[in-house]
Amino acid sequence: MNIFLGGVHGVGKSYLAAQVPEGSRLFHVSASTLIKEERSHANWGGNKKVADPAGNQIALANAVRRKNDNGIALLLDGHFVLKGTRGECIYLGVDVFSPLNLEAVILLEASPQIVAKRILERDGREERLEMLEEFIEAERSQAKRVCRTLGIPLSIVNQPTADEFIKLVEPSQ
């Protein structure tokens, strides 16, 4: 079974996932990495805008199934809402998440100001706070909808420490 780690770009998913100790029962990988591997190319640029979300989600489901069939449980980081080519919210449906064999979802959040600062530092790209607030709200609302529909436990955490995060991912640690 896999754990999905959701949140907007710049919220700290990859950073926190990298803090999980080696030898964990879960292998960390981003959804975008699996999609790229499955499709053998990326169809989005540095601005994180997606041109073919449906095709990407089919590729993701196939890649997750292949990893699980090989005995690899995933800490899969990704999104419930994508940014379309015109900057609009693209809500990923329940059908995207149902084949991912999820035992739990962790949704990371931070203030729009913190996310904007991280995106600027990491990507050199400025984001409007209003747009970030809209995406944070959309991500939360879609995560709740997906988890409620699929009966998957959802933990929403705001800027957890590495230790707090590890306890969510590996409760027995």
Heavy-atom side-chain proximity of Glu164 to Val157 below 4.5 angstrom
no
Closest non-hydrogen atom pair, Pro112 against Leu129:
O-CD2, 3.5 Å
Could you tell me if Arg65 and Asn68 have a donor-acceptor pair between their side chains, going purely by distance under 3.5 Å?
no
In one Ile/Leu/Val/Met/Phe/Trp/Tyr side-chain cluster, 4.5 Å: Met1, Leu34
no
Would Met131 end up clustered with Ile119 when hydrophobic side chains under 4.5 Å apart are linked, directly or stepwise?
yes
Between the main-chain N or O of Gly7 and the side-chain N or O of His79, is there a donor-acceptor pair closer than 3.5 Å?
yes
Does Arg118 reach the main-chain N or O of Val11 with its side chain, forming a donor-acceptor pair under 3.5 Å?
yes
From Gln159 atom CD to Leu108 atom CG, the distance as rounded to the nearest 0.5 Å:
10.0 Å
Could you tell me whether the side chain of His28 reaches within less than 4.5 Å of the side chain of Val20, counting heavy atoms only?
no
Val81 and Tyr91 have their tightest heavy-atom pair at CG2-CD2, 3.8 Å
Are any of the side-chain heavy atoms of Leu26 and Leu74 separated by less than 4.5 Å?
no
Check whether any side-chain heavy atom of Leu60 lies under 4.5 Å from a side-chain heavy atom of Glu38, and answer yes or no.
no
One should read off an interatomic distance between Leu76 CG and Phe27 CZ, to the nearest 0.5 angstrom, of 11.0 Å
Mark yes when over 12 heavy atoms from residues, nucleotides or ligands other than Glu121 sit less than 6.0 Å from its CD; otherwise mark no.
yes
Does the side chain of Ser14 come within less than 4.5 Å of Asp77's, by heavy atoms?
yes
Quick check: do Leu82 and Gln57 have side-chain heavy atoms less than 4.5 Å from each other?
yes
Check the hydrophobic clustering (I, L, V, M, F, W, Y; side-chain heavy atoms under 4.5 Å; chains of links allowed) and say if Ile114 and Ile156 are grouped together.
no
Quick one: pull up CG in Asn62 and CD1 in Ile35 and give me the separation to the nearest 0.5 Å.
11.0 Å
Distance in Å, Glu137 CD paired with Leu132 CG, rounded so as to fall on 0.5 Å steps:
12.0 Å
Rounded to the nearest 0.5 Å, the CD1 atom of Ile152 sits from the CG atom of Asn101 at a distance of 9.5 Å
Looking at every heavy atom in both Leu5 and Leu75, which two are closest together, and how far apart are they?
CB-CD1, 4.2 Å
At their closest point, which heavy atom of Cys89 faces which heavy atom of Ala138, and how far apart are they?
SG-CB, 4.1 Å
Please report the shortest heavy-atom distance between Val8 and Val115, naming the atom on each side.
CG2-CG1, 4.1 Å
Is any side-chain heavy atom of Ile3 less than 4.5 Å from a side-chain heavy atom of Arg25?
yes
Side-chain heavy atoms nearer than 4.5 Å, only ILVMFWY residues, links allowed to pass through others: does that put Leu102 and Leu154 together?
yes
Is the side chain of Gln113 donor-acceptor paired with the backbone N or O of Ser111 at a distance under 3.5 Å, no angle test?
no
Side chain to side chain donor-acceptor pair (under 3.5 Å) test vs Glu127 passes for just one of Lys117, His9, Lys83, namely Lys83
Side chains of Thr149 and Phe97: does their closest heavy-atom pair fall under 4.5 Å?
no
Ignoring hydrogens and angles, tell me if any N or O in the side chain of Gln19 forms a donor-acceptor pair with the backbone of Ile166 under 3.5 Å.
no
Could you tell me whether Glu139 and Lys13 make a salt bridge, using a distance below 4.0 angstrom between a side-chain N and a carboxylate O?
no
Please report the closest heavy-atom contact between Leu16 and Pro160, naming both atoms and the distance.
CD1-CG, 3.7 Å
Would you say the side-chain atoms of Asn2 pair up with the backbone N or O of Leu100, donor to acceptor, closer than 3.5 Å?
yes
Out of curiosity, Glu170 CD to Phe165 CZ, how far, rounded to the nearest 0.5 Å?
9.5 Å
